[in-house]
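Indexing begins at 1, ligand by ligand and atom by atom, following the structure's order.
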Amino acid sequence: HQKIEYEPYRKDFYVEVPELAKMSPEEVNVHRLDLEGIAVKGKGCPKPIKSWVQCGTSMKILSALKRHSYEKPTPIQAQAIPAIMSGRDLIGIAKTGSGKTIAFLLPMYRHIMDQRPLEEAEGPIAVIMTPTRELALQITKECKKFSKPLNLRVVCVYGGTGISEQIAELKRGAEIIVCTPGRMIDMLGANSGKPLKKKIYIYIFFFFVFVFRLVEVMRIMDNVRPDRQTVMFSATFPRAMEALARRILSKPIEVQVGGRSVVCSDVEQHVLVIEEDQKFLKLLEILGHYQEKGSVIIFVDKQEHADGLLKDLMKASYPCMSLHGGIDQYDRDSVINDFKNGACRLMVATSVAARGLDIKQLILVVNYNCPNHYEDYVHRAGRTGRAGNKGFAYTFITDEQARYAGDIIKALELSGSPVPKELEQLWLSFKNQRQAEGKSIKSSSGFSGKGFKFDETEHALAN
Ligand code: ADP
C-alpha cells in the first residue's frame with residue numbers, strides 16, 4: 001500500500017439537523033429505548049435519526065425509498081446510518097428482518113456519489129461481502145433498487161458459475177461488488193488481479209453476517225486501502241466474530257438493537273418434545289394446518305436428510321423442493337426463484353443454504369431437526385415473521401437432543417414466548433443426569449465463547 005498513491009477521499013458527510021441537535025442526552029436515551037432498546041458502545045456516536053430526510057441522503061434515494069414504501073428508518077437504520085455517514089467503522093447487530101441491508105446501503109451510496117466518476121475498468125468503490133451466494137443475490141437485488149436511479153453499476157460475484165462472465169462484467173466497470181469471499185479471492189488472483197488490483201478504489205468495505213473464515217477475509221482485506229471505512233452487520237455477534245472485528249475495524253462504534261439477538265415477537269414459537277418415529281406424522285399434521293396460508297420451510301441438519309424427507313413428502317403428495325449445499329448452483333437459483341415467486345411453496349433446507357433468505361409470504365418454519373445452537377435457532381425462526389407479517393415456528397426435539405434444550409429455552413424466554421413444560425422437563429433431566437455423572441453443562445451458544453460449527457459440507461456455500 002505504501003507504493004500506491006491513493007487519492008484522498010472524504011468519509012464524513014453527516015450533518016445533524018437542528019431537531020436532533022437540540023435533544024438532550026436524556027431525551028436521546030429515551031428515544032433509543034423507544035427504538036427497541038438501542039445500545040451503543042464506542043465514543044462519539046451520533047444521535048439516532050427519526051426520518052429519512054434527517055440522514056442527508058439524495059432526492060433520488062428519498063424517492064426510491066418512497067417508491068418501495070420504506071416509510072421511516074427501522075431502529076438499526078435509525079442509529080447505524082448517521083454513524084456510518086459520519087465516517088465511522090461500525091458493528092451493527094440486529095435481529096433478522098430488521099432492515100440491516102438498507103442500514104449500510106444508504107451511507108454507501110452517499111459515499112460513492114461523492115467520488116469522481118470511474119474511468120474505464122476502474123472500481124469497485126464498495127465491496128459487500130456475504131457468506132452465501134443466496135444472500136449475495138438478495139443484497140444485489142436490494143442494492144439495485146437504488147443503484148438504477150443513481151446510474152451506478154452493481155456486480156454480483158460468487159462461486160459455482162463461470163468466472164469469465166463475472167470478470168467481463170467487472171472489466172466494464174462497476175462501483176459496487178457484492179461477493180462471497182471464495183470467489184472474490186479467485187477474482188483477485190485471476191489476471192493477477194488486474195481488473196481489480198491495480199486500480200483498487202475500494203474505499204468502503206461493507207460486510208454482512210458471520211460465518212466467515214478469518215484467513216479468507218484477511219486475504220481480501222489486504223487488497224483494500226488501509227484507510228478504508230469498514231462496517232460489519234450481523235444478527236448475532238458470537239465470540240468467533242470478535243477476533244475478526246478487531247483485525248479489520250478501526251475504533252468501531254457498536255450498535256446493538258434489542259440486546260441479544262432474539263426471535264421477532266411476530267413469530268409464534270412452538271417446541272414439541274417428540275419421538276423420532278412420530279415426527280413425520282406430526283409434520284403432516286402441521287402442514288395440513290398451515291400450508292394453505294403461505295410458504296413453508298422445513299429445516300433439517302444434513303443434506304441426506306433433506307433428500308430423504310423430500311422423497312417422503314412427495315410420496316405423501318406434498319409438492320416440495322430441497323435446498324442445500326449439495327445441489328448445484330444453477331439449480332439452487334431456480335429453487336429459490338420458484339420458492340420466492342410461489343411456484344412451489346414447500347421447501348426442505350439445511351440451515352446455511354437458507355441463511356438470510358427473505359421471503360415475505362413465508363408463514364411457517366419447521367425445525368424437523370432441532371438446531372444445535374442458539375444463533376441457528378434464531379436465524380431459522382427469523383426466516384418467518386418478516387417486515388411485520390405474522391409467522392409460526394415449530395421445533396421438534398427428541399430425548400436424545402436434550403442438550404440443545406437449554407438454548408431453545410433461552411431463545412423462547414428472551415423473545416417473551418412461553419416455555420412448554422415438557423421442554424423444561426427435558427432440560428432439567430438432562431442437567432440432573434450430567435450433574436450425577438459429574439460433568440459440566442455447556443451451553444452450545446456462540447455467546448458462551450465456544451462458537452459453533454455447521455455441517456462441514458455446507459461450508460462450500462461460503463465459497
Ligand atoms: P435483515 O438484513 O436485517 O435480515 P433485511 O434488510 O433483509 O433484514 O430487511 C427485511 C425486510 O424489510 C426486507 O424485505 C426489506 O425490504 C424490508 N425493509 C427494510 N427496511 C425497511 C423500512 N425502513 N421500512 C419498511 N420495510 C423495510
Distance under 4.0 Å to a non-hydrogen atom of [X]: what atoms of ligand 1 satisfy this?
X: Thr101; value: 2 (O), 5 (P), 6 (O), 7 (O)
X: Thr96; value: 4 (O)
X: Ser98; value: 1 (P), 3 (O), 8 (O)
X: Tyr70; value: 15 (C), 16 (O), 18 (N), 21 (C), 22 (C), 24 (N), 25 (C), 26 (N), 27 (C)
X: Lys95; value: 3 (O)

Handout entry: Trp52 contact mode with ligand 1 (heavy-atom cut-off under 4.0 Å)
Key = side chain
Problem - Proximity of Lys72 to ligand 1 by residue part, where a heavy atom lies under 4.0 Å - result: backbone
Exercise for the section: Output yes when Lys410 and Glu413 qualify as a salt bridge under the 4.0 Å nitrogen-oxygen rule, no when they do not. Expected result: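 No.
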Handout entry: Note: Asp227-Lys11 ion pair, threshold 4.0 Å (strictly below)
Key =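 Looking at Asp227 and Lys11, the cut-off is not met.
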Exercise for the section: Before signing off on this row, confirm whether Glu71 and ligand 1 have an N or O atom pair separated by under 3.5 Å. Expected result: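 For ligand 1, there is no N or O atom that lies under 3.5 Å from one belonging to Glu71.
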Handout entry: Pro73-ligand 1 polar pair, N/O distance under 3.5 Å
Key = no
Taking [X] for its side chain and [Y] for its backbone only, find out whether a donor-acceptor pair lies under 3.5 Å.
X: Tyr158; Y: Val178; answer: no
X: Gln229; Y: Ile84; answer: yes
X: Trp52; Y: Lys66; answer: no

Exercise for the section: Establish, yes or no, whether the cationic atom of Lys390 lies under 6.0 Å from the six-membered ring centre of Phe392 and within 45° of the ring axis. Expected result: yes
Exercise for the section: Please say which of Phe104, Tyr9, Tyr14 ends up in a ring pair (Phe, Tyr, Trp, His ring centres under 6.0 Å) with His111. Expected result: Tyr9
Problem - Shortest reach to atom 9 (O) of ligand 1 by a heavy atom, considering only Ala94, Ala103, Ala78, Gly99 - result: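 Nearest option to atom 9 (O) of ligand 1, by heavy atoms: Gly99.
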